[in-house]
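Predicted, not measured: the structure shown is a model, and the values here were computed from it. Positions are given from 1 along the sequence.
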Amino acid sequence: MLDIAIMPFARLMGIRVVEAAPERVVAEMEVRPDLCTAGSILHGGAYMAFADSVGAYATVLNMPKGAMTTTVESKTNFTGVIKAGEIARAECTPVHIGRTTQVWQTRILRPDGKLAALITQTQMIIAPPA
């Protein structure tokens, strides 16, 4: 399994991949106080960074060796909160896996399994140098 720690920001956030396949990536992250906003709830940017990291990881599992990826679009709908001390779970599945772009949808779930955020992102594939 590819180690998400190759992405320094994902490592900083404490993201752990628990399941990885080309068609589904599942990761978890402890909601630490330094990732929170007022009221000890996960900051919106942390939700987005969590999903972005997991979507990029999923993209890497589906692109040619030597290629790179970058996010070109991301949209987040917030539907609930996750509190400090809880574990956020990201479940990422493909909407489209193409040669030059991939679209991923990530559901971030609370510990009770309810949806906290839904993120759709587009990743551009940068071909390896010739």
| query | E91 pairs by side chain to side chain contact (heavy atoms under 4.5 Å, CB included) with which of V54, L109, I108? | reply |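 Of the listed residues V54, L109, I108, the side chain to side chain contact (heavy atoms under 4.5 Å, CB included) partner of E91 is L109.
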| query | Apart from I87 itself, which Ile, Leu, Val, Met, Phe, Trp or Tyr residues share its cluster (side-chain heavy atoms under 4.5 Å, direct or through members)? | reply |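 Joined to I87, directly or through intermediates: none.
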| Can you list the other members of the hydrophobic cluster that holds V103, where links are side-chain heavy atoms under 4.5 angstrom apart? |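 So far as hydrophobic clustering goes, V103 is joined with V95.
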Does [X] belong to the same Ile/Leu/Val/Met/Phe/Trp/Tyr cluster as [Y], with side-chain heavy atoms less than 4.5 Å apart forming each link?
| X | Y | value |
| --- | --- | --- |
| L61 | F50 | yes |
| M63 | V72 | no |
| I4 | L12 | yes |

Quiz: residues 119-127 side-chain donor-acceptor pairs under 3.5 angstrom, not counting sequence neighbours:
from : atom 1 : to   : atom 2 : distance (Å)
Q121 : NE2    : Q123 : OE1    : 2.7
Q123 : OE1    : T71  : OG1    : 2.6
Q123 : NE2    : T69  : OG1    : 2.9

| task | Assess whether side chain to side chain contact (heavy atoms under 4.5 Å, CB included) is satisfied between C92 and V26, documenting all intermediate values. | result | CA-CA 6 Å; C92 183; V26 178; over 6 Å; no
| field | Under the side chain to side chain donor-acceptor pair (under 3.5 Å) test, residues paired with K83 that sit two or more places apart | value |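 Per chain and number, K83 pairs via side chain to side chain donor-acceptor pair (under 3.5 Å) with no residue.
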| query | Counting distance only, does the side-chain N/O of R32 pair as donor-acceptor with the main-chain N or O of M13 below 3.5 Å? | reply |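 Flag set: sc R32 to bb M13 pair under 3.5 Å.
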| field | Of all pairs that satisfy side-chain hydrogen bond (donor to acceptor under 3.5 Å, both in side chains), the ones with a partner from residues 106-115, not counting sequence neighbours | value |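 Listed once each, the pairs are R110-D112.
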[X] side, atom [atom1]; [Y] side, atom [atom2] - distance, nearest 0.5 Å:
| X | Y | atom1 | atom2 | result |
| --- | --- | --- | --- | --- |
| K75 | Q105 | NZ | CD | 10.5 Å |
| M29 | L35 | CE | CG | 5.5 Å |
| T59 | M68 | OG1 | CE | 12.5 Å |

| request: Please name the pair of heavy atoms, one in Y57 and one in M7, separated by the smallest distance, quoted to 0.1 Å. | output: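 For Y57 versus M7, the nearest heavy atoms are CB-CE, 4.2 Å.
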| request: Taking all heavy atoms of I97 and all of P22, pick out the closest pair and write down the distance. | output: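 Smallest heavy-atom distance, with atoms named: CD1-O, 4.2 Å.
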| Side chains of R24 and E19: does their closest heavy-atom pair fall under 4.5 Å? |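 Yes - at least one pair of side-chain heavy atoms lies under 4.5 Å apart.
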| query | Going by heavy atoms in the side chains, are Q102 and N62 under 4.5 Å from each other? | reply |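 Yes, their side chains come closer than 4.5 Å.
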Identify every side-chain donor-acceptor pair in residues 41-49 under 3.5 Å, counting partners at least two apart or on other chains, and give the distances.
from : atom 1 : to  : atom 2 : distance (Å)
H43  : ND1    : G45 : N      : 2.7
Y47  : OH     : G80 : O      : 3.2
Y47  : OH     : I82 : N      : 3.1

| field | Under 3.5 Å side-chain donor-acceptor pair for W104 and T93 | value |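 W104 vs T93: no donor-acceptor pair found between side chains.
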